[in-house]
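Encoded as structure tokens, the structure appears first; notes follow it.
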Amino acid sequence: MPATLRISDVAPVPLPDRVRGRAWLHGWLSEVPDGETRAAALRLSHAHPRPELLDLGAERDGWREWTILALEAAQVEVEDAWGSATLEPEEYAAAAPDPFVAVEAGILTHLDSAHRGELPRLLPRSVPPGPVRPLGLDRYGMWLRCSAPPPDAPSSFDVRLPFAEPVSDLHGLRRVYRRLFARATP
């Protein structure tokens, strides 16, 4: 059956306009055949480990409790701060997740709760003063949401702090953060 899966990327820090991006996967939805459910559950568990996946083959009163559906993507649309694009299924399948996708929420909420006062010092001098909150993090840099001071509120804008080079692991991210925050020390 034809189907569209809509995905919204929502910032983990409570902000106005928290949606950072959207994606739409268009294609065909089908049930994974009984003989392939275990392999599908294993593939799924690598990305999203859940104890319920252990019960995929279980039946109660002659009925299976779980069904695995597969979406065969025919087209992918992506929209974010950089604009929009349409991807072919092969491009989408070949894409790798950002190395910080699993830890980004924890890092941003930590920055927001423990280092919010330091974040404005990371910005270039050309950015007007005002509250700053973390918005996003990836291997290439960090996004900060800046708000205008009270008389000019509620307008806000986002500033990208690019890293000098792409970062591939937490060790590299710590090095980049130490450099960023060292430069921001008054």
Measure the spacing between CG of Asp169 and CZ of Arg174 and express it to the nearest 0.5 Å. 8.5 Å
Any donor-acceptor pair under 3.5 Å linking the side chain of Glu91 with the backbone of Glu88? yes
Atom pair CG/CG of Asp98 and Leu137 - distance to nearest 0.5 Å: 7.0 Å
Note: Leu25 and Val76 closest approach over all heavy atoms is CG-CG2, 4.1 Å
Output for pair (Arg121 CZ, Leu180 CG), nearest 0.5 Å, gives 12.5 Å
Could you tell me whether a side-chain N or O of Arg18 sits under 3.5 Å from a main-chain N or O of Val10, the two making a donor and an acceptor? no
Testing the basics here: between Val167 and Pro99, what is the closest heavy-atom pair and its distance to 0.1 Å? O-CG, 3.8 Å
Within the side chain of Glu79, is there an N or O that forms a donor-acceptor pair under 3.5 Å with the backbone of Ser84? no
Closest non-hydrogen atom pair, Thr109 against Pro12: CG2-O, 4.0 Å
Any heavy-atom pair between the side chains of Leu122 and Phe181 that's under 4.5 Å? yes
Min side-chain heavy-atom separation Arg133-Pro14 under 4.5 Å: yes
Does any part of the side chain of Ile107, heavy atoms only, come nearer than 4.5 Å to the side chain of Leu173, both counted from C-beta? yes
Distance (rounded to the nearest 0.5 Å) between Tyr177 OH and Leu170 CG: 10.0 Å
Taking every non-hydrogen atom, the tightest pair across Trp28 and Ala74: CZ3-CB, 3.2 Å
Working to the nearest 0.5 angstrom, can you tell me the gap between Leu161 CG and Leu144 CG? 4.5 Å
Hey, does Val78 have a side-chain heavy atom less than 4.5 Å from the side chain of Tyr92? no
Tell me, do Leu135 and Leu15 make a side-chain contact under 4.5 Å, heavy atoms counted? yes
4.5 Å side-chain heavy-atom contact, Met142 and Val176: no
Which value, rounded to the nearest 0.5 Å, describes the distance between Asp9 atom CG and Arg22 atom CZ? 10.0 Å
Side-chain donor/acceptor of Arg145 to backbone N/O of Ser156, under 3.5 Å: no
